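One structure is given here, and the rest of the page talks about it.
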Number of protein chains: 2
Amino acid sequence: MASHGARGRSGGRPTLEEVAARAGVGRGTVSRVINGSPRVSDATRAAVEAAVAELGYVPNTAARALAANRTDAIALVVPEPETRFFAEPYFSDMLRGVGAELSDTEMQLLLIFAGSDRERQRLAQYLAAHRVDGVLLVSVHADDPLPDLLAQLEIPAVISGPRSAAETLTSVDSDNYGGGRAAVEHLLAGGRRTIAHITGRLDVYGAQRRVDGYRDALRDAGHGVDELLIEPGDFTEEGGRRAMSVLLDRYPALDAVFAGSDVTAAGARQVLREAGRRIPDDVALVGYDDSAIARHMDPPLTSVRQPIVEMGRAMIDLLLAEIADRRPAVSRGLERRHAVLPAELVVRASS
Amino acid sequence: MASHGARGRSGGRPTLEEVAARAGVGRGTVSRVINGSPRVSDATRAAVEAAVAELGYVPNTAARALAANRTDAIALVVPEPETRFFAEPYFSDMLRGVGAELSDTEMQLLLIFAGSDRERQRLAQYLAAHRVDGVLLVSVHADDPLPDLLAQLEIPAVISGPRSAAETLTSVDSDNYGGGRAAVEHLLAGGRRTIAHITGRLDVYGAQRRVDGYRDALRDAGHGVDELLIEPGDFTEEGGRRAMSVLLDRYPALDAVFAGSDVTAAGARQVLREAGRRIPDDVALVGYDDSAIARHMDPPLTSVRQPIVEMGRAMIDLLLAEIADRRPAVSRGLERRHAVLPAELVVRASS
DNA sequence: AGGTACCGTGGGAGCGCTCCCACCGGTGAT
DNA sequence: ATCACCGGTGGGAGCGCTCCCACGGTACCT
């Protein structure tokens with residue numbers, strides 16, 4: 001419709017061609033300027049930039065994607081909504097980090113849900129069609145086929161929360177081991193002796209690492225590790241209640257509990273209170289995640305904070321690096337990177 | 001590289017042309033089948049579909065976007081991260097609704113942050129370049145220029161939480177008036193007589209409506225409205241503490257508080273407890289949002305639940321309708337739509 | 001019989017960009 | 001002076017699709 005001369009076509013955004021005409025140069029030169037190529041003289045560059053500004057030129061992403069066979073988009077793939085990822089503060093914080101780091105680039109962020117089978121199928125098509133340059137993966141189950149699919153398609157990907165110590169994907173994680181250690185060391189320092197641990201879901205690698213931290217902290221302090229003080233939980237409140245009841249039956253005299261999540265701690269707290277235990281006088285309680293619940297609990301809950309915003313940033317950094325490394329399509333041999341960011345104990349009144 | 005015959009080019013996804021060759025038809029026919037045009041014979045359609053399946057053909061979005069001048073993408077624009085939107089459960093729930101409704105379509109979801117000036121500038125360019133077919137707007141301040149920009153660019157948009165009763169954009173909201181009413185009616189039914197209200201930020205329309213609901217509930221029950229029982233808050237915990245102190249000084253005998261958010265209620269609860277008031281025995285407490293905090297508070301907090309997942313769904317529905325209406329570019333005259341979804345009181349031990 | 005209509009179809013043109021090759025003129029080496 | 005070279009540039013080709021026009025064929029009218 002109305003494909004006339006220079007400008008002002010109906011709703012018409014200016015094209016490269018029009019910028020070139022305006023600046024009195026060729027199309028290729030404008031493209032070079034836009035893409036920051038060094039092989040342009042300063043005078044020409046200035047002229048082009050002026051034309052770009054005057055016309056309010058914005059490159060057409062679709063055309064660029066088509067011609068260059070890249071998308072300038074990355075996807076954040078969110079597995080089923082029941083996962084911990086959707087729990088506060090995980091989701092929003094990570095998104096904050098991702099968004100902050102992305103705002104320096106031209107990359108756009110796609111949110112893709114992979115809950116239902118239909119959604120997963122769509123996702124597979126999506127990836128097969130290479131509609132994104134890279135993928136951010138969060139809270140993936142150990143047996144999820146997605147990582148393998150990504151590897152096979154050779155799509156750069158970064159996973160938050162590695163699935164195991166042998167994670168093949170580039171990963172970002174917080175120091176769950178150190179977090180677990182810090183929690184227990186804090187309790188020991190407070191004079192606690194019988195410290196129970198309600199774990200997270202043990203098919204989650206991070207939960208395992210917290211248990212490792214718990215064990216080593218006790219061991220290194222010269223205490224033995226009583227496996228009966230370790231009761232499996234599942235990150236939920238109900239799981240916390242259940243585990244706490246078991247532990248209380250088993251060790252009526254326990255004087256501290258390290259819970260695998262704040263929500264779990266909330267469940268444990270209920271059972272402790274019903275059993276007449278005072279917090280922190282009789283039993284000290286430490287959670288994990290430093291969520292809103294921890295701050296508002298009564299008493300406020302000591303908890304291990306993960307640097308989730310920074311983890312989001314780190315994921316983007318690593319992903320962009322992988323994408324950049326891949327572009328020349330030559331120098332493979334990029335060794336897998338695993339970033340581990342420190343966790344921090346936030347001490348409150350519960351311990 | 002290796003641009004040979006039909007399939008199996010290195011990483012090569014099949015093109016329309018290849019599907020056409022395989023099915024023994026022309027390019028245009030395949031395009032018609034892909035796009036569900038009715039003007040294709042059943043036999044031809046079947047042949048094409050078979051070829052599509054055999055080749056694993058997936059349309060190239062970039063090419064389609066370029067040729068058809070549409071993007072099949074919508075953006076969810078998130079203003080500064082400090083807003084309530086990032087609070088649990090808002091964000092994740094709304095995303096759940098949006099994602100669920102979107103999974104039936106070909107549309108993809110872009111997440112765009114518009115916090116910093118730089119980000120906002122990028123967003124403006126983005127929109128100017130018409131890189132999305134529609135926009136979802138959440139928790140927009142009353143004086144934000146974004147809605148006007150969208151209107152001016154004629155980009156379909158839906159806002160959650162209208163800025164005022166005169167919202168010009170299509171909007172989705174929960175029934176804040178009804179929610180406020182329900183909270184107060186519940187307290188009255190429980191025999192409470194001196195009911196205070198700690199408001200949300202009154203530049204947020206929804207917070208105003210909750211106050212309206214509070215007033216009308218009292219009025220309709222034959223009680224007068226004492227404006228001194230209404231103390232402005234700002235959705236924060238600190239604001240809740242502050243307002244509660246003021247109210248307690250003013251009305252030591254108050255027996256109920258309706259707080260503008262759960263977090264506000266948490267702040268109020270602290271002050272009440274420090275003042276020796278028991279909940280719910282001396283003072284009943286009701287919050288708003290039904291967040292995780294409400295469930296885990298001690299005692300668990302009665303709160304008004306907004307159907308956020310459904311709001312997300314509704315936003316997508318309305319947005320897709322607007323986009324569809326716009327496509328023919330003829331029949332304007334679409335009247336603005338404003339969906340209001342019911343809020344629900346979740347009664348717990350605090351009242 | 002010829003005319004008109006319309007359905008189903010093929011394929012040209014073109015969307016706006018990147019990539020790359022060819023070309024120009026100015027250097028420095030020979 | 002001659003040649004190779006290189007920085008800077010212009011513009012053709014083509015990415016994979018949609019849009020639309022034109023075409024053959026059948027069916028139905030007059």
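Chain letters run A, B, ... following the sequence lines, proteins first, then strands; residues in each count from 1. Worth saying up front: this structure is predicted, and the values here are computed from it rather than measured.
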Problem - Contact residues, residues 35-45 of chain A to DNA chain D [heavy atom, < 4.0 Å] - result: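 Only A/Arg39, A/Val40, A/Ser41, A/Thr44 qualify.
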
Distance, rounded to the nearest Å, where [X] contributes [atom1] and [N] contributes [atom2]:
{"X": "B/Glu18", "N": "C/dG11", "atom1": "CD", "atom2": "P", "value": "16 Å"}
{"X": "B/Arg70", "N": "C/dG16", "atom1": "CZ", "atom2": "C1'", "value": "17 Å"}
{"X": "B/Asn60", "N": "C/dT18", "atom1": "CG", "atom2": "C1'", "value": "15 Å"}
{"X": "A/Arg64", "N": "C/dC15", "atom1": "CZ", "atom2": "P", "value": "19 Å"}
{"X": "A/Asn69", "N": "D/dC17", "atom1": "CG", "atom2": "C1'", "value": "14 Å"}
{"X": "B/Arg32", "N": "D/dC21", "atom1": "CZ", "atom2": "P", "value": "13 Å"}
{"X": "A/Glu17", "N": "C/dG14", "atom1": "CD", "atom2": "P", "value": "13 Å"}

Problem - Any N/O donor-acceptor pair, A/Arg27 side-chain to D/dG12 base, under 3.5 Å - result: yes

Problem - Base C/dG16 to side chain A/Arg13, donor-acceptor N/O within 3.5 Å cut-off - result: no

[X]: partners by side chain to side chain contact (heavy atoms under 4.5 Å, CB included), with sequence neighbours left out:
{"X": "A/Asn35", "answer": "A/Ser31, A/Arg64, A/Arg70"}
{"X": "A/Ala21", "answer": "none"}
{"X": "A/Ala65", "answer": "B/Ala62"}

Practice task
Determine: side-chain N/O of B/Ser31 to OP1/OP2 of D/dT18, distance under 4.0 Å, yes or no.
Solution key: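 B/Ser31 to D/dT18 OP1/OP2: side-chain N or O found under 4.0 Å.
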
Fill in the blank from the handout: Applying salt bridge (charged side-chain N to carboxylate O under 4.0 Å, His left out) to A/Arg120 and not counting sequence neighbours gives A/Asp144

Practice task
Taking salt bridge (charged side-chain N to carboxylate O under 4.0 Å, His left out) as the test, write out the residues that go with B/Arg131, two or more places apart.
Solution key: none

Exercise for the section: For the residue pair A/Leu146 and A/Val135, establish whether any side-chain heavy-atom pair is separated by less than 4.5 Å. Expected result: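 When only atoms from C-beta onward are counted, A/Val135 and A/Leu146 do not touch, as no gap falls below 4.5 Å.
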
Problem - Non-hydrogen side-chain atoms of A/Arg337 and A/Val158 separated by less than 4.5 Å - result: no

When the side chains of residues 43-53 of chain B are checked against the rest of the protein, which donor-acceptor pairs come out under 3.5 Å, sequence neighbours left out?
| from | atom 1 | to | atom 2 | distance (Å) |
| --- | --- | --- | --- | --- |
| B/Thr44 | OG1 | B/Ser41 | OG | 2.7 |
| B/Arg45 | NH2 | B/Ser37 | O | 2.6 |

From [options], nucleotide with atom closest to [X] side chain:
{"X": "B/Pro59", "options": "D/dC17, C/dG16, C/dG10", "value": "D/dC17"}
{"X": "A/Leu66", "options": "C/dG10, D/dC17, C/dG16", "value": "C/dG16"}
{"X": "B/Thr29", "options": "C/dG10, D/dG11, D/dT18", "value": "C/dG10"}
{"X": "B/Leu16", "options": "D/dC17, D/dG10, D/dC20", "value": "D/dC17"}
{"X": "B/Ala67", "options": "D/dG11, C/dC17, C/dG14", "value": "C/dG14"}

Problem - Terminal axes of the helix from C/dA1-D/dT30 to C/dT30-D/dA1 (five pairs each): angle between them, nearest 10 degrees - result: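 End-to-end axis angle: 50°.
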
Exercise for the section: Please collect all salt bridge (Lys or Arg N to Asp or Glu O under 4.0 Å) contacts where either partner lies in residues 99-108 of chain B, sequence neighbours excluded, each pair once. Expected result: A/Arg118-B/Asp104, B/Glu101-B/Arg313

Practice task
Measure across B/Asp133 and B/Ile155 and return the closest heavy-atom pair with its distance rounded to 0.1 Å.
Solution key: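 Closest approach of B/Asp133 to B/Ile155, heavy atoms only: O-CG2, 4.4 Å.
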
